[in-house]
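Structure, as C-alpha coordinates:
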Amino acid sequence: MDEIRERVRGRLVGNAELLYRHALTFTLGPHTWVARCSVRDPQRIDPKALARMGQLTSAQGVAMSDLRLLTIHPADTEPFPGATTSFDDGTLEVLEWNQASDFTGQRLGTCALRRP
(Lines give C-alpha, C1' and ligand atoms only; values in the text may rest on other atoms or scores of the structure.)
Protein backbone atom coordinates (compact mmCIF):
# COMPACT_ATOMS: atom_id res chain seq x y z
CA MET A 1 0.00 0.00 0.00
CA ASP A 2 2.84 2.41 0.82
CA GLU A 3 4.37 1.75 -2.60
CA ILE A 4 1.07 2.58 -4.32
CA ARG A 5 0.72 5.78 -2.29
CA GLU A 6 4.23 6.89 -3.22
CA ARG A 7 3.59 6.18 -6.91
CA VAL A 8 0.34 8.19 -6.87
CA ARG A 9 1.97 11.03 -4.95
CA GLY A 10 4.79 11.09 -7.52
CA ARG A 11 2.27 11.50 -10.31
CA LEU A 12 0.46 14.30 -8.46
CA VAL A 13 3.68 16.19 -7.86
CA GLY A 14 5.07 15.37 -11.32
CA ASN A 15 1.98 16.83 -12.99
CA ALA A 16 1.61 19.70 -10.52
CA GLU A 17 1.69 22.47 -13.14
CA LEU A 18 -1.34 20.92 -14.85
CA LEU A 19 -3.22 19.83 -11.74
CA TYR A 20 -2.67 22.88 -9.50
CA ARG A 21 -2.88 25.83 -11.88
CA HIS A 22 -3.72 28.53 -9.35
CA ALA A 23 -1.41 30.07 -6.75
CA LEU A 24 -3.69 31.61 -4.13
CA THR A 25 -3.10 33.27 -0.77
CA PHE A 26 -5.78 32.44 1.81
CA THR A 27 -6.16 34.46 5.01
CA LEU A 28 -8.06 34.00 8.24
CA GLY A 29 -7.41 36.59 10.90
CA PRO A 30 -3.62 36.71 11.39
CA HIS A 31 -3.07 33.39 9.56
CA THR A 32 -1.94 33.13 5.92
CA TRP A 33 -1.65 30.11 3.63
CA VAL A 34 -0.01 30.31 0.20
CA ALA A 35 -1.21 27.33 -1.81
CA ARG A 36 -0.95 25.94 -5.31
CA CYS A 37 -4.38 24.58 -5.99
CA SER A 38 -7.13 23.49 -8.33
CA VAL A 39 -10.56 25.15 -8.12
CA ARG A 40 -13.41 23.36 -9.92
CA ASP A 41 -17.10 23.94 -10.50
CA PRO A 42 -18.93 20.99 -8.88
CA GLN A 43 -21.67 20.83 -11.47
CA ARG A 44 -19.45 18.45 -13.44
CA ILE A 45 -19.25 15.78 -10.73
CA ASP A 46 -21.32 12.68 -10.01
CA PRO A 47 -24.93 12.91 -8.75
CA LYS A 48 -24.16 11.41 -5.30
CA ALA A 49 -21.55 14.08 -4.63
CA LEU A 50 -23.99 16.73 -5.82
CA ALA A 51 -26.59 15.44 -3.35
CA ARG A 52 -24.09 15.71 -0.47
CA MET A 53 -23.17 19.20 -1.58
CA GLY A 54 -26.86 20.09 -1.73
CA GLN A 55 -27.10 19.28 1.97
CA LEU A 56 -24.14 21.55 2.64
CA THR A 57 -25.71 24.41 0.72
CA SER A 58 -28.79 24.23 2.91
CA ALA A 59 -26.73 24.15 6.11
CA GLN A 60 -24.41 26.98 5.02
CA GLY A 61 -26.99 29.12 3.20
CA VAL A 62 -24.99 29.05 -0.04
CA ALA A 63 -26.45 28.70 -3.54
CA MET A 64 -25.37 25.51 -5.32
CA SER A 65 -24.07 27.58 -8.24
CA ASP A 66 -21.65 29.32 -5.86
CA LEU A 67 -19.93 26.14 -4.61
CA ARG A 68 -16.42 25.23 -5.75
CA LEU A 69 -14.18 22.23 -5.10
CA LEU A 70 -10.63 22.89 -3.92
CA THR A 71 -7.63 20.57 -4.12
CA ILE A 72 -4.31 21.68 -2.63
CA HIS A 73 -0.86 20.64 -3.88
CA PRO A 74 0.44 17.77 -1.66
CA ALA A 75 3.42 19.85 -0.51
CA ASP A 76 1.26 22.83 0.56
CA THR A 77 -0.83 23.28 3.73
CA GLU A 78 -4.62 23.31 3.52
CA PRO A 79 -6.18 26.55 4.77
CA PHE A 80 -8.56 26.29 7.71
CA PRO A 81 -12.32 26.53 7.16
CA GLY A 82 -13.28 30.22 7.08
CA ALA A 83 -10.10 31.24 5.23
CA THR A 84 -10.69 33.43 2.16
CA THR A 85 -8.91 34.59 -0.99
CA SER A 86 -9.73 36.71 -4.03
CA PHE A 87 -10.78 34.52 -6.97
CA ASP A 88 -12.68 34.95 -10.24
CA ASP A 89 -14.12 38.42 -9.48
CA GLY A 90 -15.19 37.36 -6.00
CA THR A 91 -14.07 35.90 -2.70
CA LEU A 92 -13.45 32.17 -2.31
CA GLU A 93 -14.16 30.94 1.24
CA VAL A 94 -13.19 27.48 2.50
CA LEU A 95 -16.26 25.87 4.12
CA GLU A 96 -15.03 22.36 4.96
CA TRP A 97 -12.62 19.54 4.09
CA ASN A 98 -13.54 15.92 3.48
CA GLN A 99 -11.66 12.90 4.83
CA ALA A 100 -8.22 12.30 3.32
CA SER A 101 -7.98 9.77 0.49
CA ASP A 102 -6.38 6.45 1.41
CA PHE A 103 -4.38 6.51 -1.83
CA THR A 104 -3.36 10.14 -2.29
CA GLY A 105 -3.56 11.52 1.23
CA GLN A 106 -5.35 14.52 -0.26
CA ARG A 107 -8.58 16.04 0.96
CA LEU A 108 -11.19 17.78 -1.14
CA GLY A 109 -12.30 21.17 0.11
CA THR A 110 -15.73 22.64 -0.43
CA CYS A 111 -15.74 26.41 -0.90
CA ALA A 112 -18.22 29.19 -1.53
CA LEU A 113 -17.46 31.71 -4.26
CA ARG A 114 -19.10 34.91 -3.08
CA ARG A 115 -19.50 37.69 -5.64
CA PRO A 116 -20.64 41.23 -4.87
Side-chain angles (χ1 to χ4, degrees):
M1 188 63 119
D2 289 338
E3 183 181 321
I4 292 170
R5 285 186 190 123
E6 284 305 312
R7 210 172 332 147
V8 170
R9 183 176 168 82
R11 287 186 188 133
L12 291 174
V13 173
N15 293 315
E17 289 182 22
L18 297 172
L19 297 173
Y20 312 102
R21 300 179 329 194
H22 305 286
L24 301 176
T25 301
F26 291 85
T27 58
L28 178 62
H31 307 285
T32 301
W33 297 265
V34 177
R36 295 163 287 175
C37 57
S38 165
V39 180
R40 294 178 290 147
D41 187 327
Q43 296 185 41
R44 298 181 184 170
I45 62 176
D46 71 88
K48 288 181 186 177
L50 281 174
R52 285 191 304 272
M53 292 184 78
Q55 293 172 347
L56 178 65
T57 59
S58 297
Q60 295 280 340
V62 178
M64 187 67 142
S65 61
D66 293 338
L67 288 179
R68 296 295 180 269
L69 301 175
L70 180 68
T71 308
I72 301 292
H73 187 288
D76 296 347
T77 303
E78 298 163 351
F80 290 165
T84 61
T85 188
S86 294
F87 183 78
D88 197 23
D89 297 327
T91 300
L92 190 66
E93 177 186 354
V94 178
L95 299 176
E96 67 176 18
W97 292 98
N98 73 351
Q99 182 175 338
S101 164
D102 290 341
F103 295 102
T104 65
Q106 287 191 300
R107 297 178 358 161
L108 185 64
T110 304
C111 300
L113 180 58
R114 304 185 194 280
R115 291 191 172 107

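Side chains included, hydrogens not; waters and symmetry mates left out as well; all remaining heavy atoms used. Along the sequence shown, residues carry numbers from 1.
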(message) Within the structure provided, determine whether T71 and Y20 are in side-chain contact (heavy-atom separation under 4.5 Å).
(response) yes
(message) Would you say that W33 contacts D76 through its side chain, given a criterion of any heavy-atom pair below 4.5 Å between the two side chains?
(response) no
Can you tell me how far the [atom1] atom of [X] sits from the [atom2] atom of [Y], to the nearest 0.5 Å?
{"X": "Q99", "Y": "R107", "atom1": "CD", "atom2": "CZ", "answer": "9.0 Å"}
{"X": "Q106", "Y": "H73", "atom1": "CD", "atom2": "NE2", "answer": "9.0 Å"}
{"X": "F87", "Y": "H22", "atom1": "CZ", "atom2": "NE2", "answer": "4.0 Å"}
{"X": "L113", "Y": "T85", "atom1": "CG", "atom2": "OG1", "answer": "11.0 Å"}
{"X": "E93", "Y": "F26", "atom1": "CD", "atom2": "CZ", "answer": "10.5 Å"}

(request) Could you check L108, T110, I72 and say which one makes a side-chain contact (heavy atoms from CB on, under 4.5 Å) with W97? (result) I72
(message) If we check side-chain contact (heavy atoms from CB on, under 4.5 Å) with L92, which of these qualifies: C37, S86, C111?
(response) C111
(request) Measure across V94 and P79 and return the closest heavy-atom pair with its distance rounded to 0.1 Å. (result) CG2-CG, 4.0 Å
(request) Identify the heavy atoms of G105 and A100 that sit nearest to each other, and give their distance. (result) O-CB, 3.7 Å
(message) Has T25 got a side-chain atom pairing as donor or acceptor with V34's backbone, closer than 3.5 angstrom?
(response) no
(message) Quick test of your reading of the model: are R115 and D88 salt-bridged, counting only N-O distances below 4.0 Å?
(response) yes
